[in-house]
Amino acid sequence: MQSRASIERRFRLARSTLFIVWALASMAVVFWSVRAAHDRATVDVLQKAGETLSVQTETLTGVLDKYRLMSPLLSRQSSVASLFIRDGDGNPQALDARHMALELAGMSAAKDVAFLFPDGEILGHAHGAFVEDGVGLHELLEAARQGRLGRMALALPDGERSYAFSSGVRRNGRLVGVVIVYVDFYRVEAAWALSAYPIFVTDRGGTVLLSNQPDWLLKPIGRFKSAAGTEPAFRFGEGLQSRIDLTRNLPLLGWDLHVLADPAPVFAARLSAGTIATLACLIAGLLALIVMRRNENAIFRARSDRATALRLERLVRDRTRALSVTNQSLSREVEVRRTAETRLRKTQAELIQAAKLAALGQMSAALSHEFNQPLAAIRSYADNAVRFLDRGDTGEVAGNLGRINSLIDRMAELSRTLLAFARKPGIITGPVPLGHVVDEALLLARPSARAAGVMIETAESLARFHVEGGRIRLSQVFVNLVNNAVDALTGRGDGCVRIEARADGDMVLVTVSDNGPGIAADEIGQVFDPFFTTKGVGEGIGIGLSIVDNIIRDFGGSIRVFNRDEGGACFEIRLRAAETDSGTDKGAVAAGAG
Ligand code: ADP
């Protein structure tokens, strides 16, 4: 995997490259946008201003054309030619000439119409300002003398302007007078005044003759370079302003008609296009940056995820390996423990068996007495029977034989119980009848008790219960408990052991109590410990109660001991009530409890 530093270096390089590309592309886009907007707006402005220029050119040439024809036409009229005939006294017809001039000026809306003799003497005129001032008169008369159409732009010092056309009046081929028509530009300028554009006409010398800007009239138009250096600037009132100058040459007059368009829309279009393009480039750059950042983050995240996954994988592998090692060692340990447990169980079983045989050994004297006594009785009954037979008293013989039989039965039962008790117990547990187990145990323990002068009482309730357990092991429990009680009671004349049972929920509570000395308070907690004994050497080895405790636990029960208030020890055993074919012993428990 690449190191983080090298990836970051790569990203930095990519970012720098992208920035340069972005900057170049942005400059190109902004330049192109401004250029395109400029061209578009310029075309637009030029188109509109161009339309105005065309219209105003037409208007102006139309007006001039109208008056251009007027003076030649007038000069050919006989009524006009007759005006130049002097009366008999040699006086000119000044009045008629004035009337006609007024009439013609009024009809044609010309600024003035004037009649002059070829030498410059004024015959008559309508208004007379220009003709009396004499401005341009010489050139106009000279053109008429030469038979040309005289034409000339005129201006008076007071600012009055006009354009004059002159034609010679001939009679019989001889020049008798000149007609001059002065054009009035008032209407043209009035029309221009309505336009939003500055419109003006310059003559060849660059002097403004007509304009909708009154300040410019009769002044040379100042033309400067604009600040930007792109558009020509014109002095407009106070300031210097850039304007797009659209010019149309009027060849007949030698004039230029100008329409000045405001380039502000072009600047505005350039500005807005530049702004929009810049913003768009900035946004695009920003987006690219964000995308790039996200991409970088995603790569870093994926890298860190991958690293985490690898770490986890390694960890899991290590743990799995460690676990399998632990597992193997655990399996081994389990095996060892299982073997140890099996061995322990076996040892325990052997111990139980050994303890049982030890108990039998302890009871052997009493038990052999239990056999010897009936044997002696049988001998005595048999001797007597022989004697009665000799006497021929067969009735007594039969009686003695019957007694012998019952003694043999008793011995056979004891022998059967002894054999069963001495057998190695199995490990299987099941429902066992509590009364029978106690009876069997007492069959073995009673002879010792009798020998010690101890009485054993059993409650009738015992016969009602079945408990979960093993028959031989359970009878071993009772044999141990009764033997211990008998040991404690030996030497007392009123010794008594009592075995009772009662129900306690799902359990059966069996008590083995005596009226002996009880157990010392400092020893009562140790009596179930292995090898705890208070008996002398050869009398006890201290494993009886420990085995009892183990057996009861194996059956899922418990045992405790306490000293009775009235004296003596009481062992309380809790055993699980067993379910039998005839129903659970809970019924019996209930009956017992009742
Ligand atoms: P052992 O009988 O070999 O001593 P046990 O484990 O059977 O071993 O008994 C342990 C001890 O508990 C006895 O030595 C005795 O002191 C005491 N003990 C048991 N049962 C009784 C009882 N019914 N009354 C008084 N002490 C008893």
Side-chain angles (χ1 to χ4, degrees), residues 347-367 421-422 425 437-438 441-442 444-459 462 472-501 509-555 557-574:
T347 311
Q348 267 179 350
E350 279 167 5
L351 190 62
I352 290 171
Q353 184 65 6
K356 194 166 65 181
L357 294 180
L360 274 180
Q362 278 177 351
M363 294 185 296
S364 62
L367 284 172
F421 188 73
V437 172
V438 172
L442 292 184
L444 302 175
R446 212 171 235 132
S448 311
R450 202 181 300 125
V454 175
M455 205 171 69
I456 298 176
E457 288 175 0
T458 53
L462 288 169
I472 299 173
R473 280 177 290 169
L474 197 53
S475 63
Q476 186 178 350
V477 166
F478 289 113
V479 166
N480 274 351
L481 293 177
V482 172
N483 279 347
N484 275 343
V486 169
D487 286 347
L489 292 166
T490 302
R492 288 176 62 127
D494 61 343
C496 177
V497 180
R498 185 166 172 76
I499 305 174
E500 291 166 294
L509 207 69
V510 189
T511 54
V512 180
S513 54
D514 61 64
N515 57 353
I519 304 168
D522 57 333
E523 292 171 350
I524 201 162
Q526 305 170 54
V527 291
F528 293 106
D529 291 348
F531 305 110
F532 175 80
T533 180
T534 57
K535 295 172 190 170
V537 179
E539 290 176 355
I541 52 171
I543 59 166
L545 287 181
S546 146
I547 285 169
V548 165
D549 184 43
N550 272 328
I551 290 171
I552 298 296
R553 275 179 210 274
D554 277 355
F555 297 163
S558 63
I559 181 168
R560 72 180 185 110
V561 62
F562 56 89
N563 287 320
R564 299 193 312 146
D565 292 340
E566 55 271 40
C570 177
F571 287 86
E572 188 181 78
I573 305 167
R574 285 173 169 274

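Quick note: residue numbers are just sequence positions, from 1. Because the structure is predicted, anything quoted here is derived from the model rather than measured. Ligands are counted one by one from 1 in listed order, and the atoms in each one are counted from 1 as well.
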With a 4.0 Å cut-off on heavy atoms, is Gly542 touching ligand 1? yes
I'd like the name of whichever of Ala488, Ala358, Ala520 reaches closest to atom 24 (N) of ligand 1 through any heavy atom. Ala488
Considering non-hydrogen atoms of the protein only, which is the closest contact for atom 7 (O) of ligand 1, and what is the distance? Asn484 ND2, 2.8 Å
Measuring from Asn515:CG to Met455:CE, what's the distance to the nearest 0.5 Å? 8.5 Å
How would you list all residue pairs meeting side-chain hydrogen bond (donor to acceptor under 3.5 Å, both in side chains) that involve residues 474-486, not counting sequence neighbours? Asn484-Lys535
Any N/O of Glu539 closer than 3.5 Å to an N/O of ligand 1? no
Counting from 1, what ligand 1 atoms have a heavy atom of Ala485 closer than 4.0 Å? 23 (N)
So, does Phe571 sit close enough to ligand 1 that a heavy atom of it is under 4.0 Å from the ligand? yes
Using a strict cut-off of 4.0 Å, indicate which atoms of ligand 1 neighbour a heavy atom of Gly518. 25 (C)
Considering only heavy atoms, which of Asn483, Val497, Asn480, Thr534 lies nearest to atom 15 (C) of ligand 1? Thr534
shortest atom 4 (O) of ligand 1-to-protein heavy-atom contact is with Thr533 OG1, 2.5 Å
Which heavy atom of the protein is the closest neighbour of atom 11 (C) of ligand 1, given with residue, atom name and distance? Phe532 O, 4.0 Å
Who pairs with Glu350 by side chain to side chain donor-acceptor pair (under 3.5 Å), at least two apart in sequence or on another chain? none
Out of all atoms in ligand 1, which are within 4.0 Å of some heavy atom of Gly544? Include the element for each. 5 (P), 6 (O), 7 (O)
Identify the heavy atoms of Ser558 and Ile552 that sit nearest to each other, and give their distance. N-CG2, 3.2 Å
Ligand 1 contact on Asp514 by region, counting heavy-atom pairs under 4.0 Å: side chain
Can you sort out which atoms of ligand 1 are near Gly540, meaning under 4.0 Å from one of its heavy atoms? 3 (O)
For Lys535, is at least one N or O under 3.5 Å away from an N or O on ligand 1? yes
Closest heavy-atom approach to atom 6 (O) of ligand 1 among Leu545, Ile519, Asp529 is made by Leu545
If you scan protein heavy atoms around atom 12 (O) of ligand 1, the nearest is Val527 CG1, 3.7 Å
